[in-house]
Amino acid sequence: MRPAPLTTTGRRRRVVLCSLLIGLVAMPLAPPQPLRAAELLELRIDSLQIPIHLDQLADWSRQPASDGPLAGDLGPWLGLLDARSRADLHRMLRAPLLRDQSFGRQLLDTWAGGQLLEELGNLLTTSDGGSTTTLLQITLRRLLEQRREVTLLELLEALPPQTLNLRLDALVSLGQRWRFQLKRQQQAMVRLGSLPLPPIQPPASARENAAAEAGRPAPPPLRLQLAVPGRREGLPLEIWAATVERRPNQPWVLMMPGLGGNADQLGWLARALAQRGWPVVVVQHPGSDGLALRAALNGQQPPPGAETLGIRLADVEAVVAAQRLGRLPVNGAGLVLAGHSLGGLTALLAAGIAPQPGLEGRCRTALERLPIHNPSRLIQCQLPERALPPPSRPPADLRGLVLFNGFGSLLWPEPSLGALPVPLLMVGGSLDLVTPPLDEQLALFLAVRDPRSRLVVVQGASHFSPLRMTQRDEALLRLGRELVGADPLRVQGVLLDVTSAFLSSLEQTGAERGAGRRSPAEPLPPQRRLQEGITAYVLDPAAARLWRSEL
């Protein structure tokens, strides 16, 4: 007898969405001698139990996808799904969960990987309801010793219990939370677009000047190695000297890549800022740079994480000290710390803002369910287990912070970031699913007090839009070219212009600040910026609070 449908087409699609989420939860992880063990998979949703024989599921998955009639015992159950959902399930079962054998083995040893497996083990249980986390760990290791890629179906087949239970109720909840967060972010962008911000479009002359600037040859950066306590080898630096006559109050910029990032990925921005008069030093942090990520992908070491923040902060202190002592050919009226992602978190810590007490408790709450909508929380919640150096005083000449795709909502819940002593430029992208702007950038920005601070949200930008890939084989691209964006050049033009305008607003002497006089350069005005087909929303603190009140 054909079983009754799951009440609605929406529920049918949720079943496949949840199956697809298994691949997401297990992380991106040919069949020689399959290790057959599990035979029956029971899908449980509400009071309904759907028994599926894995050998039949395997036979179906290895046939070409078809919209025709479904034969065999599996047919009635698959018939609960519409044709599109069946095609999604067919692709999901055949697709690799992890595409790099060596990286997969290293991922299993990381704190974040353990969190992912624990979540999956609570959803995929033994017949008596026990977690399969340990079995998943052991089975994945065994499979990855024998093959480069492991599919979801191969993993299910190789697990030792003969019967596995998949808690579709919990997976439905996971899928609902994912969809809710995506919808929430989309609605937030709609609300942002309705704010009363004046539309501004750069004049044609500005676009022509920018194009001429980009095409103008620039001298290569000075590359040197700086001795840093705690490092066996020198710290790689790229120093971009200003190529135009500098104004007397222009600061210099210390720029830090994100986790797994290289200095040359931010070289485009450093070069362009130097062409506008701001000297830039770009740090490459060995141990959490592209070489470290490549070593993890090749199975030589675990992937880097939050444990690298201590040595990153020591790097920053060493560069600032060297500049003060005249050991670096860099001059400027004050310092601006800039960073992408983890580089932005490094900048906040280097500015003397210590994480607010109670992080461990906030993390327990945040990780009760896997934060698939905000993976940066996995990094933030590594910190209670990692000893950070005590907070240091911010550099005496610190003038501002520039954070691209920054995060830290668990470290600094509202309003603890109000102690930041300098203006802040916080930049996010509407398509950022790693550090979502609503939960990370806006949440942090609401506490700032300096009226020159700005929050910029770029429509269509992703977490990796600020990076420019210079080599086809960069390790970051192995994580997925779609994460970087198909053509970020226009977004980068917007990022350059808003960064330049923000830096200009900081050009004020210490005497002027002490006397309470206004900066000679006007702050970046709140606006809806329309540039080269890209829309960027520039908010001051008042506009950010208004946006929050509309959500």
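The figures here come from the full heavy-atom set of this structure, side chains too, leaving out hydrogens, waters and symmetry mates. In this chain, residues are counted from 1 in sequence order.
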Colleague: So do Val336 and Trp278 actually touch side chain to side chain, heavy atoms under 4.5 Å?
Modeller: no

Colleague: For Asn405 and Asp432: C-alpha separation, side-chain torsions, deciding distance, then whether side-chain hydrogen bond (donor to acceptor under 3.5 Å, both in side chains) applies.
Modeller: CA-CA 8 Å; Asn405 308 94; Asp432 187 348; 3.0 Å; yes

Colleague: Check for a donor-acceptor pair, side chain of Thr535 on one end and backbone N or O of Gln459 on the other, with a separation under 3.5 Å.
Modeller: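 No: the side chain of Thr535 does not pair with the backbone of Gln459.
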
Colleague: Rounded at 0.5 Å granularity, tell me how far OG in Ser341 sits from NE2 in His463.
Modeller: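 Rounded to the nearest 0.5 Å, the OG-NE2 separation comes to 3.0 Å.
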
Colleague: State which residue, out of Asp315, Asp264, Asp289, fulfils the side chain to side chain donor-acceptor pair (under 3.5 Å) condition with Gln284.
Modeller: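 By the side chain to side chain donor-acceptor pair (under 3.5 Å) criterion, Gln284 pairs with just one of Asp315, Asp264, Asp289: Asp289.
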
Colleague: Which heavy-atom pair separates Arg529 from Pro202 by the least distance, and what is that distance?
Modeller: NH2-CG, 3.6 Å

Colleague: Given side chains that start at C-beta, do those of Leu273 and Leu503 come closer than 4.5 Å, heavy atoms only?
Modeller: yes

Colleague: Checking side-chain contact (heavy atoms from CB on, under 4.5 Å) for the pair Phe404/Leu269: CA distance, chi angles, key distance, verdict?
Modeller: CA-CA 12 Å; Phe404 300 102; Leu269 180 58; 3.7 Å; yes

Colleague: Is there a side-chain contact between Met256 and Leu342 in this structure, where contact means two heavy atoms from C-beta onward sitting under 4.5 Å apart?
Modeller: no

Colleague: Going by heavy atoms in the side chains, are Val538 and Pro526 under 4.5 Å from each other?
Modeller: no

Colleague: Indicate whether any N or O donor in one side chain lies under 3.5 Å from an N or O acceptor in the other, for His285 and Thr308.
Modeller: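 Absent: no donor and acceptor within the cut-off.
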
Colleague: Check for a donor-acceptor pair, side chain of Gln492 on one end and backbone N or O of Leu467 on the other, with a separation under 3.5 Å.
Modeller: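 Yes; judged by distance alone, with no hydrogens or angles, the pair exists.
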
Colleague: So how far is it from Leu431 CG to Ser462 OG, rounded to the nearest 0.5 Å?
Modeller: 7.0 Å

Colleague: Between the side chain of Gln441 and the main-chain N/O of Gly406, is any donor-acceptor distance below 3.5 Å?
Modeller: yes

Colleague: Can we say Arg276 and Asp497 salt-bridge, meaning some charged N sits less than 4.0 Å from an Asp/Glu carboxylate O?
Modeller: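 Looking at Arg276 and Asp497, the cut-off is met.
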
Colleague: Roughly how far, to the nearest 0.5 Å, is the CD1 atom of Ile379 from the OG1 atom of Thr435?
Modeller: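 CD1 of Ile379 is found 11.5 Å from OG1 of Thr435.
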
Colleague: Apply the test side-chain contact (heavy atoms from CB on, under 4.5 Å) to residues Val150 and Leu144: give CA-CA distance (whole Å), side-chain angles for both, the deciding distance (0.1 Å), then the verdict.
Modeller: CA-CA 7 Å; Val150 178; Leu144 289 170; 3.8 Å; yes

Colleague: Are any of the side-chain heavy atoms of Val457 and Trp547 separated by less than 4.5 Å?
Modeller: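 Yes, their side chains come closer than 4.5 Å.
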
Colleague: Okay, side chain of Arg377, backbone of Leu367: is any donor-acceptor separation there less than 3.5 Å?
Modeller: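 Looks like no, no N/O pair under 3.5 Å.
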
Colleague: What do the steps show when you test Leu153 against Ser61 for side-chain contact (heavy atoms from CB on, under 4.5 Å), and what is the final call?
Modeller: CA-CA 9 Å; Leu153 185 60; Ser61 72; 3.3 Å; yes

Colleague: Compare every heavy atom of Tyr537 with every heavy atom of Leu192, then report the nearest pair and how far apart it is.
Modeller: CD2-CD1, 3.4 Å

Colleague: Under a 3.5 Å cutoff, is there a donor and acceptor pairing between the side chains of Ser288 and Arg312?
Modeller: yes

Colleague: Is the shortest heavy-atom distance from the side chain of Val402 to the side chain of Leu337 under 4.5 Å?
Modeller: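 A side-chain contact under 4.5 Å is absent here.
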
Colleague: Of all the heavy-atom pairs spanning Phe445 and Leu539, show the shortest one and how long it is.
Modeller: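 Shortest heavy-atom contact: CZ-O, 3.9 Å.
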
Colleague: For Pro257 and Met255, which heavy atoms make the closest approach, and how far apart are they?
Modeller: CD-O, 4.2 Å

Colleague: For Leu489 and Arg468, run side-chain contact (heavy atoms from CB on, under 4.5 Å): C-alpha distance rounded to whole Å, both residues' side-chain angles, the deciding distance at 0.1 Å, then the answer.
Modeller: CA-CA 8 Å; Leu489 295 182; Arg468 187 168 294 181; 3.5 Å; yes

Colleague: Rounded to the nearest 0.5 Å, what separates atom CG in Leu551 from atom CD in Gln185?
Modeller: 11.0 Å

Colleague: Just so I know, are the side chains of Trp268 and Leu496 near enough to count as touching, which here means a heavy-atom distance under 4.5 Å?
Modeller: yes

Colleague: For Arg184, is there an ion pair with Asp439 - N to carboxylate O distance below 4.0 angstrom?
Modeller: yes

Colleague: With rounding to the nearest 0.5 Å, note down the distance linking OG1 in Thr346 to NE2 in His340.
Modeller: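 One gets 12.0 Å once the value is rounded to the nearest 0.5 Å.
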
Colleague: Grab the two heavy atoms, one from Ala270 and one from Val280, that are nearest each other, plus how far apart they are.
Modeller: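 For Ala270 and Val280, the tightest heavy-atom pair comes out as CB-CG1, 3.6 Å.
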
Colleague: Looking at Gly358, is its backbone amide N or carbonyl O close enough to the side chain of Glu360 to form a donor-acceptor pair, meaning the two atoms are under 3.5 Å apart?
Modeller: no

Colleague: Are any side-chain N or O atoms of Gln382 and backbone N or O atoms of Glu307, one a donor and one an acceptor, separated by less than 3.5 Å?
Modeller: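 No, the answer is negative, given that no donor and acceptor are paired below the 3.5 Å cut-off.
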
Colleague: Verify, without hydrogens or angle tests, whether Gln380 (side chain) and Ser409 (backbone) share a donor-acceptor contact under 3.5 angstrom.
Modeller: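 Yes, the answer is positive, given that a donor and an acceptor are paired below the 3.5 Å cut-off.
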
Colleague: Examine distances only and state if a side-chain atom of Trp412 and a backbone atom of Ala354 form a donor-acceptor pair shorter than 3.5 Å.
Modeller: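 Flag set: sc Trp412 to bb Ala354 pair under 3.5 Å.
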
Colleague: With a 4.5 Å limit on heavy-atom distance, are the side chains of Val282 and Leu254 in contact?
Modeller: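 No, every pair of side-chain atoms sits at 4.5 Å or beyond.
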
Colleague: What's the shortest heavy-atom distance between Gly460 and Ser430, and which atoms?
Modeller: N-OG, 2.7 Å

Colleague: Under a 3.5 Å distance rule, please check whether Arg362 uses its side chain to pair with a backbone N or O of Leu410 as donor and acceptor.
Modeller: yes

Colleague: Judged by atom type as modelled, is there a donor-acceptor pair below 3.5 Å linking the side chain of Arg528 to the main-chain atoms of Leu197?
Modeller: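 Yes; judged by distance alone, with no hydrogens or angles, the pair exists.
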
Colleague: Kindly compute the distance separating OG (Ser194) from CD (Glu550), expressed to the nearest 0.5 Å.
Modeller: 6.0 Å

